[in-house]
Amino acid sequence: MTTNAQRFAMAAAVGLGLMAPMHQVLADSDSDTYRNLSAEWWQWALSIPPSSNPLADAIGEKCMVGQHGSVWFLAGAFNSGGPTVRSCSVPKGKALFFPIVNSVNVDTPNICGQGSAHASVDDLRAGAAAFIDGATKLSAEVDGKPIRNLRRVKSKVFAVALPEDNLFDAPCSGQKDPNVPAGVFAPAIDDGYYVRLKPLKAETHTVHFHAENPSQSFVLDVTYNLTVVPGMDDADDEDDQE
């Protein structure tokens, strides 16, 4: 797809140069962890129809949709603009992974303004990088503490599975070939700045992130009010202490 068509969901996270206390941020010596997770983040986000998609959720009631495994994904906002404030619950023991700002490019010949020729991985990466290179005023914090040393991640090459009702339908509606059908599309790539946090304590927490791209009239400001919910093992431990 053309890079303009993809930018509807691209910016979903925080930016450069900021950092949470080191005890909160997971340090990974292997950059493949981030490359893989950034691909998985988009596979998660793009597989969910808009009506139940966390990117299009104004208040947080959809934040649990599609979540599984030991990592919990946080989303930015489908449309940039005013602040988005979400409240949701997260199971205890889940690491958090989210972009501060990110951009996806997917090869979709004859769909959404792309011609009949396939796009190369290099072309896809160049299109995504152009948006990320222009990102500015990037910030993030957890419980009021700034996050620094955020990582710019260029994902591995991956495939995305789109449902018939998908996030690309609206931004592609003005194209000559607007319909974005259900299917598996590849190659796809992502470029962006990401944060991976250790599991938070079982209490309430606030995660806030902000990003802008003046050349695209893009502003993102998202706050998550998270309630980390204890598991059954925690309840058993409390009973044993009584």
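Bear in mind the structure is a predicted one, so any value in this text is a computation, not a measurement.
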- Item | Side chains of L138 and F209 in contact at under 4.5 Å (non-hydrogen atoms) | no
- Value for CG (L150) from CZ (R196), rounded to nearest 0.5 Å, stands at 14.5 Å
- Decide whether S215 and N213 meet the rule of one side-chain donor and one side-chain acceptor closer than 3.5 Å. yes
- Task: Flag yes if V71 and M64 sit in one hydrophobic cluster, no otherwise; membership is Ile, Leu, Val, Met, Phe, Trp, Tyr, and two members link when side-chain heavy atoms are under 4.5 Å apart.
- Result: yes
- Is it true that a side-chain atom of W41 and a backbone atom of N36 form a donor plus acceptor pair closer than 3.5 Å? no
- Query: Any idea which heavy atoms bring P54 and W44 closest together, and the distance?
  - Reply: CG-CZ2, 3.5 Å
- Are side-chain N/O atoms of Y194 and R151 paired as donor and acceptor at under 3.5 Å? no
- Message: Rounded at 0.5 Å granularity, tell me how far NZ in K62 sits from CG in L55.
- Response: 13.5 Å
- Message: Could you tell me if the side chain of R86 sits less than 4.5 Å from the side chain of V222, heavy atoms only?
- Response: yes
- Query: Looking at side-chain heavy atoms only, is the closest gap between P109 and S116 below 4.5 Å?
  - Reply: no
- Task: Find the distance between CD (E61) and OG (S52) and round it off to the nearest 0.5 Å.
- Result: 10.5 Å
- Message: Rounded to the nearest 0.5 Å, what separates atom SG in C88 from atom CH2 in W72?
- Response: 7.0 Å
- Message: Do the side chains of K137 and D221 get close enough for a salt bridge, i.e. N-O under 4.0 angstrom?
- Response: no
- Item | Minimum heavy-atom distance between A58 and T84, given as atom pair plus value | O-CG2, 3.9 Å
- Message: If you compare all heavy atoms of P199 against all heavy atoms of A95, which two are closest, and at what distance to 0.1 Å?
- Response: CG-N, 3.8 Å
- Message: Salt bridge check, R125 against D122: does any charged N sit closer than 4.0 Å to a carboxylate O?
- Response: no
- H205 versus V228: any side-chain heavy-atom pair under 4.5 Å? yes
- Task: Tell me, with the steps shown, if F185 and D107 meet side chain to side chain contact (heavy atoms under 4.5 Å, CB included).
- Result: CA-CA 7 Å; F185 297 91; D107 181 35; over 6 Å; no
- Message: Check whether D191 reaches the backbone of K154 with its side chain - one donor and one acceptor, N or O, closer than 3.5 Å.
- Response: no
- Message: With side chain to side chain contact (heavy atoms under 4.5 Å, CB included) as the criterion, how do Q216 and F131 come out once you've worked through the C-alpha distance, each side chain's angles and the decisive distance to 0.1 Å?
- Response: CA-CA 8 Å; Q216 302 294 321; F131 182 77; 3.8 Å; yes
- Query: Any idea which heavy atoms bring P163 and I48 closest together, and the distance?
  - Reply: CG-C, 4.4 Å
- Message: Walk me through whether L197 and V142 qualify under side chain to side chain contact (heavy atoms under 4.5 Å, CB included).
- Response: CA-CA 10 Å; L197 299 177; V142 178; 3.7 Å; yes
- Message: Check for me, please, whether Y224 and V85 land in the same ILVMFWY cluster - side-chain distances under 4.5 Å, paths through other members count.
- Response: no
- Task: Decide yes or no for W42 and V106: does some side-chain heavy atom of the first lie under 4.5 Å from some side-chain heavy atom of the second?
- Result: no
- Query: Does some side-chain heavy atom of V90 sit less than 4.5 Å from a side-chain heavy atom of L96?
  - Reply: yes
- Item | Nearest heavy-atom neighbours spanning N105 and L124 | ND2-O, 2.9 Å
- Query: Do K156 and D190 meet the salt-bridge criterion of a basic N to acidic O distance under 4.0 Å?
  - Reply: no
- Using a 4.5 Å cut-off on heavy atoms from C-beta on, say whether the side chain of S89 contacts that of L226. no
- Nearest heavy atoms of A39 and S155, plus distance in Å: N-CB, 4.1 Å
- Query: Are N53 and L167 side-chain neighbours, meaning at least one heavy-atom pair lies under 4.5 Å?
  - Reply: yes
- Q114 side-chain N/O to A117 backbone N/O, donor-acceptor pair under 3.5 Å: yes
- Note on the structure: d(I189 CD1, S103 OG) to nearest 0.5 Å is 7.0 Å
- Query: Rounded to the nearest 0.5 Å, what separation is found between the CG atom of L37 and the CG atom of D32?
  - Reply: 10.5 Å
- Say whether F97 and V65 are linked into one hydrophobic cluster, either directly or through other cluster members, by side-chain heavy-atom distances under 4.5 angstrom. yes
- Task: Kindly say whether G60 contributes a backbone atom to a donor-acceptor pair with the side chain of D57 at under 3.5 angstrom?
- Result: yes
- Message: Test your reading of the model: is there a side-chain donor-acceptor pair from K94 to the backbone of G69, 3.5 Å cut-off?
- Response: yes
- Message: For the backbone of L220 and the side chain of H210, can you confirm whether one donor and one acceptor N or O come within less than 3.5 Å of each other?
- Response: yes
- Message: Can you confirm if the aromatic rings of F98 and F73 lie within a centre distance of less than 6.0 Å?
- Response: no
- Message: Under a 3.5 Å distance rule, please check whether E164 uses its side chain to pair with a backbone N or O of A182 as donor and acceptor.
- Response: yes
